[in-house]
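The next block holds one structure in the form of structure tokens; read it before the comments.
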Amino acid sequence: MKSIIITGGAGFIGSHVVRLFVNKYPDYRIINVDKLTYAGNLANLKDIEDKPNYRFVRADICDFDTIFALMKEEHVTGVIHLAAESHVDRSIKDPFTFARTNVMGTLSMLQAAKLYWESLPEKWEGKRFYHISTDEVYGALEIEHPEILFTEQTKYNPHSPYSASKASSDHFVRAFHDTYGMPTIVTNCSNNYGPYQFPEKLIPLFINNIRHRKPLPVYGKGENVRDWLYVVDHARAIDIIFHNGKIAETYNIGGFNEWKNIDIIKTIIKTVDKLLGRPEGADLDLITYVTDRAGHDMRYAIDSTKLQRELGWEPSLQFEEGIEKTVRWYLDNQEWLDNITSGEYEKYYDDMYKNR
Ligand code: NAD
Ligand code: TYD
């Protein structure tokens, strides 16, 4: 019997991981620990919230006492840690929140797991602390050298407060292995896309704006390159690595799928127009070039050869298929988007969890 805390399970990627584990492993106990910040939304998990092997706990990962007590109460054997502040633009405006949640929050999770697991007779045996991180910790690659990708050996060189906080958290996780022998794993994944992504990130924001004929703010010249992976494929990788990954290892996760922002934006416009029955190119006029993001990393690209070779993971979807599926999902789930853009979803939680 495994009892697993998944942090950040009400967010974008976390909700896909929770859904996968709850459905695939009915004999595991899955405890979703989420503070429900602006980015957390329990509507992402409507389809599994009544499953007997699932429990939601509203808690802040920085609250060590609550996390430690929960680990004891639930006899936790594994942690899959996704909770984080995740938006680069917000980190530029408010770096403290990123240091608090991403660094101190991760440390609090590590220390709670350490003290709890060390108190058991079997200690680390059968335990696993799996930390989900990003390719952004490696810094930026050059467009002029497409042959160079991020590997697990690439030196950390973060530029944004977001990536600096994630890099720091990765170092703490590895330090807990090297210092105390905690069974840890770290993975660094490229940009994810798919259903339930908060509409402040490029793809859902632009789909929503195109639908409502609002401007599409393209940073700089739109020439920055990102490497996109369908979120369900990330969740599948997390499942494989949680079960079969080697302790103390790092795995890069990515689908070898690099796109210049402006090209992806044109693809999104084309797909939305097609699905809404608008003439091809009808919404190209919404493209609006705006001031570049401060310290905007030029290119990210992940080499996931190690994961493919050692653990047999492969992305299941080609990008063209994934993006059409994604656009269709947002167009079909306008209510989900409207609840977020109107702020309705936050009021609901505040009423529901007041005084708890
Ligand atoms: P998200 O912003 O959609 O969700 C984050 C979740 O964490 C939310 O549900 C939020 O309520 C919760 N949370 C935030 N602060 C918390 C706190 N103090 N205590 C408890 N819960 C808290 O993020 P996401 O895009 O799903 O990313 C999840 C993880 O994956 C992050 O660690 C991120 O760094 C990493 N990652 C994301 C991407 C990507 O493209 N989105 C790529 C690689 C890695
Ligand atoms: P984003 O989705 O914020 O992910 P990240 O910054 O973590 O890669 O942005 C993806 C790319 O799109 C990035 O190069 C910044 C760019 N971008 C825009 O041009 N306009 C926007 O409004 C947003 C949100 C992003």
Side-chain angles (χ1 to χ4, degrees), residues 5-18 32-42 44-45 57-63 66-67 80-92 97-98 100-102 104-106 108-109 131-137 140 160 162-163 165-167 169-170 187-194 196-206 209 215-229 231 234-235 237-238 252-254 259-262 264-265 287-293 295-300 302 346 349:
I5 284 186
I6 299 180
T7 68
F12 166 47
I13 302 171
S15 64
H16 288 275
V17 177
V18 167
N32 172 11
V33 174
D34 198 298
K35 184 181 175 181
L36 299 180
T37 67
Y38 80 92
N41 185 354
L42 288 180
N44 298 358
L45 290 164
V57 177
R58 188 178 196 182
D60 187 332
I61 54 167
C62 299
D63 179 355
T66 298
I67 300 292
I80 304 179
H81 177 41
L82 296 109
E85 290 292 337
S86 69
H87 190 43
V88 174
D89 293 328
R90 286 180 189 256
S91 82
I92 294 168
T97 305
F98 282 69
R100 180 185 178 277
T101 289
N102 298 0
M104 292 304 288
T106 299
S108 153
M109 291 300 304
H131 176 63
I132 309 300
S133 192
T134 164
D135 59 356
E136 305 191 23
V137 298
S160 72
Y162 164 63
S163 53
S165 66
K166 289 298 289 186
S169 65
D170 296 6
T187 56
N188 298 87
C189 188
S190 61
N191 284 62
N192 285 214
Y193 71 98
Y196 301 112
Q197 187 167 31
F198 196 84
E200 63 185 351
K201 304 277 170 66
L202 180 76
I203 292 181
L205 175 72
F206 278 32
N209 283 9
L216 307 175
V218 181
Y219 299 162
K221 294 186 181 141
E223 280 172 356
N224 303 65
V225 171
R226 295 292 182 264
D227 184 358
W228 294 94
L229 182 69
V231 62
H234 188 189
I238 290 172
N252 279 354
I253 309 174
W259 283 74
K260 225 188 243 185
N261 287 345
I262 193 65
I264 212 171
I265 289 161
I287 292 177
T288 309
Y289 291 93
V290 299
T291 310
D292 208 355
R293 172 187 278 172
H296 197 173
D297 285 337
M298 186 44 90
R299 172 175 166 251
Y300 302 141
I302 273 278
E346 284 185 303
Y349 300 133

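Ligands are counted one by one from 1 in listed order, and the atoms in each one are counted from 1 as well.
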Using a plain distance cutoff, I'd like to know if [X] has any nitrogen or oxygen under 3.5 Å from a nitrogen or oxygen of ligand 2.
X	value
Arg293	yes
Tyr219	yes
Trp228	no
Glu200	no
Phe206	no

At under 4.0 Å between heavy atoms, which part of [X] makes contact with ligand 1: side chain, backbone, both or neither?
X	result
Asn102	neither
Phe98	neither
Thr37	both

Option whose closest heavy atom lies nearest to atom 44 (C) of ligand 1, chosen from Ser86, Ala10, Gly40, Ser133: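 Looking at heavy atoms only, the winner is Ser133.
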Heavy-atom nearest option to atom 22 (O) of ligand 2, drawn from Ser163, Pro217, Ser190, Pro199: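 Among Ser163, Pro217, Ser190, Pro199, the closest heavy atom to atom 22 (O) of ligand 2 comes from Pro217.
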Numbering as shown, the atoms of ligand 1 that approach Ile132 to under 4.0 Å (heavy-atom distance): 30 (O), 32 (O)
Atoms of ligand 1, numbered as shown, that sit under 4.0 Å from any heavy atom of Lys166: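 Per the distance check, 31 (C), 32 (O), 33 (C), 34 (O).
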Test: Arg226 cationic atom under 6.0 Å from Tyr193 six-membered ring centre, within 45° of axis: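 No, a cation-pi geometry is absent between Arg226 and Tyr193.
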